[in-house]
Amino acid sequence: MIDYRERISELKERRGAVIVAHNYVEGEVQEVADFVGDSLELSLKARELQASVLVFCGVRFMAETAKILSPASVVLHPVPGAGCPMAEMASGESVARYRREHPETVLVAYVNTTAAAKAEVDICCTSANAERIVGGIESGREVMFLPDRNLGANVSRSLGRRLELWPGFCPTHNRIVPETVREMRRQYPGVELLVHPECVPEVVSLADAALSTGGMLRYVRESSARRFLIGTEHGILHRMRKENPGKEFIGLSPVVTCPNMKKLTLDSIVSALETMEPRVELPEPLMERARRPIERMLAVR
Ligand code: SF4
């Protein structure tokens, strides 16, 4: 039987590769990664490292973002079919059409968009900095937030600012319904409840906090509470439990699983490092256009 972990470590050394993984991938994949984080943290890491070979364990738009920020790196995305259904809800063409029809509107794209969509917008944001990015836009300007209507609605409510919302959503977080939250509150009275802002606003309003995955990890580390209910993709429970051995983490519902994040497996990483394929390749002019809104976001930090 192949020892995948050993094989990955050999190949990683031979290729001079760095492996990064999103908080939502399977625990065993997180274990072989050099860095695990949320979208913003991984974008920053890719830009900082400029690694010669970067293996990206996350969904397609994240690997594209890494390539855009580190164009000289060979970026391997072990399972090209691991896409994000929400990112697919805003094609580059439809965003370009919106831009033509609304030339005065500021277009803010959640980083969960394809490179083609990013190339058409003014600025990007992540769930960690969405309020700061939108809050920094001159009041009086109309803003279209895409593609996540839930994150957009949650930001709009926190800032008290009207936003145009693209009709996209994350199928995984959208499955969390208020009834489940109320039922879990009844079962676990007094337990702190954290959700992701990709959840519908009714769910967010029932939670103690709505945070990005990086924000949740900091919150549970710093909180004196011992038990938490977690309303986001279950992959994050692995890291929470590992980093906080004395605390208990309960997933809000078994339906909160992203099938695309689960496509990244140890054998797919071995195969990518053996063959140096599949690589993320994007045309240089497209990367240049898509890089501008990402860099604008990073400048706001
Ligand atoms: S959890 Fe949702 S937003 Fe994240 S990759 Fe999966 S479908 Fe896309």
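Whatever order the structure lists them in is the order used to number ligands and atoms, beginning at 1. Every heavy atom of this structure was used, including side-chain atoms; hydrogens, water molecules and symmetry mates were not.
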Listing request: all salt bridge (Lys or Arg N to Asp or Glu O under 4.0 Å) pairs with a residue in residues 220-232, at least two apart in sequence or in separate chains.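 Residue pairs with at least one partner in residues 220-232: Arg221-Glu243, Arg227-Glu248.
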Any pair with a residue in residues 98-112 that passes salt bridge (Lys or Arg N to Asp or Glu O under 4.0 Å), sequence neighbours left out, goes on the list, sorted by first then second residue, please.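 Every pair satisfying salt bridge (Lys or Arg N to Asp or Glu O under 4.0 Å) with a residue in residues 98-112: Arg99-Asp122.
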Report the residues that fulfil ring-ring contact (aromatic ring centres under 6.0 Å, His included) with Phe145, sequence neighbours left out, ordered by chain and then residue number.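 ring-ring contact (aromatic ring centres under 6.0 Å, His included) list for Phe145, sorted by chain: empty.
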Per-atom contacts of ligand 1 with Asn112, taking only distances under 4.0 Å to non-hydrogen atoms: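 Going through ligand 1 atom by atom, the ones under 4.0 Å from Asn112 are 3 (S).
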Is [X] salt-bridged to [Y], going by a charged N under 4.0 Å from an acidic O?
X: Glu48; Y: Lys45; value: yes
X: Arg47; Y: Glu295; value: yes
X: Glu64; Y: Arg60; value: yes

Taking the inter-plane angle between the rings of Tyr219 and Phe228 on a 0 to 90° scale, is it parallel (under 30°), tilted (30 to 60°) or perpendicular (over 60°)?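 Perpendicular.
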Could you please give the number of protein N/O/S atoms within less than 2.8 Å of atom 6 (Fe) of ligand 1?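 For atom 6 (Fe) of ligand 1, the figure is 1.
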Heavy atom of His22 under 4.0 Å from ligand 1?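 His22 does not count as a contact of ligand 1 under the 4.0 Å cut-off.
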